[in-house]
Amino acid sequence: MPEGYDTHADYMGWVESDAAARQQAIRTALLQAFEPFIEHREVEIINFSAMTALDLATAIQAEPRVLKALLACCNIAGRAIERDLDIRGIDTYQPRLNETNAAAIAGYLKPFLPQEIAVPALSELDRFFFVDKEIRARKGRWERRILQLLNLLSRLTFRNRKFEVGGESFELDAAAPETGPIEVGIDVKRIEARRDIHKRSDEIINKAAKFKAVFSGGKFAVVVYYPFTAEHVNVQSRLTSPHIDAVCFASQSDEQAAVAIGLLVDRLGIRRA
């Protein structure tokens, strides 16, 4: 890395002693808390201390699917591989690795791996991160579905666009037309915790004000996913602003989302004839 910038090894060094102390404390706490239910079983153990970086590289290249679990047990994300090794575009769940990349990754991982780990524990780590990835992907599909519904029901064509105000860049999840001055800008927000509503609302209101500063004749709307339906009126009240022309709430349901977007395009006066 360039001078003054940190690598993953630097990050690990920051927390190494605290993490080791917590690991020991948690191990002790687990043994005490669940003492009546502790069982000793024979499980498969991978002995990383017995292998060389070359052995590790051979294993990774032979079964690339194991990479995510190995990264997870080292607290390393794919972005660290890209940043520190300059290996770009790697899918850590289904990687395609040539011999050179496998060797580089193995040499990078080896110092961070534990001396040994049980196969069930390692596979459970992979499962945890896979589930998290798939849930986040599904949430992203909801946002894309909102964009699809806007394009289906509106006479305008929407796409993701950015605009700048005073050197600061803002992103709109849906904006029309596709090029030129924006006539309609829509912020699509998933807010899934009550504690986030104030911060997210402030962000939306700020973006709306910046939008109107550039596109004074444009319309700004908000599509909100907020699962606490009894509080929708309060959220709508919080989003009251001279810069926000419409607010609607859309759930995960395709049918309900279509109804919500239909009402939104009617309010904005952009319904497809």
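Sequential numbering from 1 along the given sequence is applied to the chain's residues. Being a predicted model, the structure only gives us computed values, none of them experimental.
- Side chains of Gln252 and Arg190: a donor on one and an acceptor on the other come within 3.5 Å.
- Contact annotation: the side chain of Asn160 never approaches that of Leu172 to less than 4.5 Å [non-hydrogen atoms, C-beta and beyond].
- A donor-acceptor pair is defined here as one N or O able to donate and one able to accept, closer than 3.5 Å; no such pair exists between the side chain of Lys219 and the backbone of Gly269.
- Transitive grouping of hydrophobic side chains (ILVMFWY, heavy atoms separated by less than 4.5 Å) brings Leu71 and Ile90 into a common cluster.
- Looking at Leu125 and Lys68, their side chains never come closer than 4.5 Å, going by heavy atoms from C-beta outward.
- Counting only heavy atoms from C-beta outward, the side chains of Ile38 and Leu31 approach each other to under 4.5 Å.
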Evaluate side-chain contact (heavy atoms from CB on, under 4.5 Å) for Phe211 paired with Val165, printing each intermediate quantity in order.
CA-CA 8 Å; Phe211 175 84; Val165 182; over 6 Å; no
One pair to check against side-chain contact (heavy atoms from CB on, under 4.5 Å): Val15 and Asn75. What are the steps and the verdict?
CA-CA 12 Å; Val15 300; Asn75 196 34; over 6 Å; no
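- Aromatic rings of His243 and Phe220 (six-membered ring for Trp) have centroids beyond the 6.0 Å cut-off, not under it.
- Using a 4.0 Å cut-off between a side-chain N of Lys or Arg and a carboxylate O of Asp or Glu, Asp18 and Arg22 do not qualify as a salt bridge.
- A side-chain donor-acceptor contact under 3.5 Å links Ser123 to the backbone of Pro120.
- Applying the 6.0 Å contact sphere to CD of Glu134 captures more than 12 heavy atoms from other residues, nucleotides or ligands.
- Looking at every heavy atom in both residues, Val184 comes nearest to Ile182 through O-CG2, 3.4 Å.
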Verdict with supporting geometry, Ile87 and Glu82, side-chain contact (heavy atoms from CB on, under 4.5 Å):
CA-CA 5 Å; Ile87 299 176; Glu82 180 173 342; over 6 Å; no
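- Around the CZ atom of Phe228, the shell of radius 6.0 Å holds more than 12 heavy atoms that belong to other residues, nucleotides or ligands.
- A donor-acceptor contact shorter than 3.5 Å is absent between the side chain of Ser237 and the backbone of Val233.
- Within the 4.5 Å cutoff, no side-chain heavy atoms of Cys248 are placed close to those of Leu263.
- Closest heavy-atom contact between Arg271 and Asp266: NE-OD1, 2.9 Å.
- Here the straight-line distance linking atom CG of Leu239 with atom CZ of Arg200 works out to 12.5 Å at 0.5 Å rounding.
- Using a 30° and 60° split on the angle between ring planes, Phe112 and Tyr108 fall in the perpendicular class, above 60°.
- The shortest side-chain heavy-atom distance between Lys212 and Asp245 falls under the 4.5 Å cut-off.
- If you check the side chains of Tyr226 and Glu231, you find a donor sitting under 3.5 Å from an acceptor.
- The closest donor-acceptor contact from the side chain of Lys110 to the backbone of Phe48 lies under 3.5 Å.
- Checking side-chain atoms of Asn151 against main-chain N and O of Phe158 turns up a donor-acceptor pair under 3.5 Å.
- Ion pair Arg159/Asp173 not flagged as a salt bridge, since none of the NZ, NE, NH1 or NH2 atoms sits closer than 4.0 Å to an Asp/Glu carboxylate oxygen.
- Qualifying side-chain contact (heavy atoms from CB on, under 4.5 Å) partners for Ala77, counting only residues two or more places apart in sequence or in other chains: Arg79.
- Sorted by first and then second residue, the ring pair (Phe, Tyr, Trp, His ring centres under 6.0 Å) pairs with a member in residues 164-204 read Phe163-Phe170; sequence neighbours excluded.
- Contact check for Arg145 versus Asp254: side-chain heavy atoms found under the 4.5 Å cut-off.
- When every heavy atom of Ala57 is checked against every heavy atom of Ala102, the shortest pair comes out as CB-O, 3.7 Å.
- Using a 4.5 Å heavy-atom cutoff, the side chains of Leu156 and Glu183 are in contact.
- With rounding to the nearest 0.5 angstrom, the OG1 atom of Thr240 is 8.0 Å from the CD1 atom of Ile205.
- Among all heavy-atom pairs drawn from Pro227 and Tyr225, the shortest one is CD-CE2, 4.0 Å.
- Across Val265 and Ser154, no two heavy atoms sit closer than the pair CG1-CB, 4.1 Å.
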Arg238 vs Asp202, test: salt bridge (Lys or Arg N to Asp or Glu O under 4.0 Å). Steps then yes/no.
CA-CA 9 Å; Arg238 182 163 182 81; Asp202 290 345; 3.2 Å; yes
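- Clustering ILVMFWY residues whenever any of their side-chain heavy atoms sit less than 4.5 angstrom apart, transitively, puts Val119 in the very cluster that holds Met51.
- When all heavy atoms of Trp142 and Ser251 are compared, the closest pair comes out as NE1-O, 2.9 Å.
- Under a hydrophobic clustering in which Ile, Leu, Val, Met, Phe, Trp and Tyr are joined whenever their side-chain heavy atoms come within less than 4.5 Å, directly or via other members, Ile26 and Phe34 fall into the same cluster.
- The distance from the CD atom of Glu63 to the CZ atom of Arg65 is 5.0 Å, given to the nearest 0.5 Å.
- No continuous path of hydrophobic side-chain contacts links Val66 to Ile45 [ILVMFWY only; heavy atoms under 4.5 Å].
- With contacts defined as side-chain heavy-atom distances shorter than 4.5 Å, the pair Leu56/Leu70 qualifies.
- Separation of atoms CZ (Arg144) and CD1 (Ile146) is listed at 12.0 Å; rounding is to 0.5 Å.
- Separating the CG atom in Leu109 from the CG atom in Leu67 is a distance of 6.5 Å, to the nearest 0.5 Å.
- In this structure, Gln236 CD and Ile244 CD1 are separated by 9.5 Å, a value rounded to the nearest 0.5 Å.
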Could you give me the CA-CA distance, side-chain angles and deciding distance for Arg88 and Asp86, then say whether salt bridge (Lys or Arg N to Asp or Glu O under 4.0 Å) is met?
CA-CA 6 Å; Arg88 304 180 185 182; Asp86 200 25; 3.0 Å; yes
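- Looking at Thr52 and Asp55, their side chains do bring a donor and an acceptor atom within 3.5 Å of each other.
- Counting heavy atoms of neighbouring residues, nucleotides and ligands inside a 6.0 Å radius, atom CZ of Arg272 exceeds 12 of them.
- In this structure, Lys139 pairs ionically with Glu192, as a charged nitrogen and a carboxylate oxygen lie closer than 4.0 Å.
- Hydrophobic clustering places Ile270 together with Val188 (ILVMFWY residues linked when any side-chain heavy atoms are closer than 4.5 Å, directly or through intermediates).
- Annotation: Gln115, atom CD; neighbour count of heavy atoms from other residues, nucleotides and ligands within 6.0 Å does not exceed 12.
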